[in-house]
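Side chains are part of it too, since the values below use all heavy atoms of this structure and drop only hydrogens, waters and symmetry mates. All ligand and atom numbering here is 1-based and tracks the order in the structure.
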Amino acid sequence: MDIHTLTNLRDPFTLANGVKIPCIGYGTWQTPKGGVTRRCVKEALDAGYRHIDTAFIYGNEDEVGAGLRDAGVPREEVFVTTKHWVTERGYRKTLEAVDTSLKLLGLDYADLYLVHWPCVAKASDRWQEMNAETWRGFEEAYKAGKLRAVGVSNFQEKHIRALWETAEVRPMVNQLEFHPGYTQPETVMWMQAQGMLVEAWSPLGSGAVLKNEALAAIAAKYGKTAAQICVRYALQKGVLPLPKSTDPARMAANADVFGFSIAEEDMRAIDALPRLGFSGFLPEDAPADALAN
Ligand code: A2P
């Protein structure tokens, strides 16, 4: 799609099954509990966000649900993503995990459900089978109308190819770490060429990237903040950014990225930044016990 037709954070990308997904989402990873996530989700909706991203493992699905209700935005106007955790792999457990997340969120359906991490060879000799069985649960819940779209997160090409062996419904989304200084270009381009929407977790590099001098100089040239350049950069790559902030002014500013374009030469300069702000999380390198079933 031509990203230059996007005019605000509610304008959508379209998934392979035709479902529309607002082009910037509000991320809630590491957002504190004890009422903070609830407040932030309401404030994000007040600021105009219509796409909220959470996960079972964040432990805040209940607060996300409360924030949605506080904001009073009609259900069908908000796109809610949550994610399946690695301890719930397998067909039956996956079906239960869907119900648990929906119950915590207080919703009848999720707009998008993602496999949070692939099972990998280091964790199990049966990794392909484990992912396939988990995916069968996703397909079942999708067909039952509990999930409007299904996808994965942190999958590399080999994990997707293995899943395709048995999948009836192909993953529509892959959510990856993506920000200036860590853009995984081959993986992103391959996923996009297969018709998957790539989403960016930590599109601001969890704050570290924002201090980079080269990025700050590009931002100054456009009269924008480094955070706005990060968000716009993702969009211009056709990648859906999920920025996080607990500060309402930053929430609004991070989505105010539509009145300008980053020139090709500056896109290339950002592409060429050295590795910066990488989380260190890679599915194949993660310790086996962290990813075991
Ligand atoms: P805060 O919640 O205090 O705003 P990412 O989405 O890449 O993981 O980055 C999230 C981090 O970036 C959070 O620590 C957040 O802190 C910070 N952050 C978010 N927006 C901005 C901004 N506009 N300027 C500076 N830091 C920001």
Residue pairs involving residues 236-272 (criterion ring-ring contact (aromatic ring centres under 6.0 Å, His included); sequence neighbours excluded):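 Every ring-ring contact (aromatic ring centres under 6.0 Å, His included) pair that includes a residue of residues 236-272, provided the two are not neighbours, is Tyr222-Phe260.
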Close residues, ligand 1: non-hydrogen atom nearer than 4.0 Å: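 Only Ser202, Pro203, Leu204, Gly205, Ser206, Gly207, Leu210, Ala227, Pro243, Lys244, Ser245, Thr246, Arg250, Asn254 have heavy atoms that fall under 4.0 Å of ligand 1, ordered by chain and number.
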Validation row, ring centre His84 to ring centre Phe138 under 6.0 Å: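 Yes, the ring centres sit under 6.0 Å apart.
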Axial cation check for Tyr49 ring with Arg10, 6.0 Å and 45° limits: no
Geometric class of the Trp117/Phe281 ring pair [parallel <30°, tilted 30-60°, perpendicular >60°]: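 Phe281 vs Trp117 ring planes: perpendicular.
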Passing candidate, side chain to side chain donor-acceptor pair (under 3.5 Å) with Arg161, options His159, Glu165, Glu157: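 It is Glu157, the one option of His159, Glu165, Glu157 that forms the side chain to side chain donor-acceptor pair (under 3.5 Å) with Arg161.
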Side chains of Asp266 and Tyr233, donor plus acceptor under 3.5 Å: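 Side chains of Asp266 and Tyr233: no pair found under 3.5 Å.
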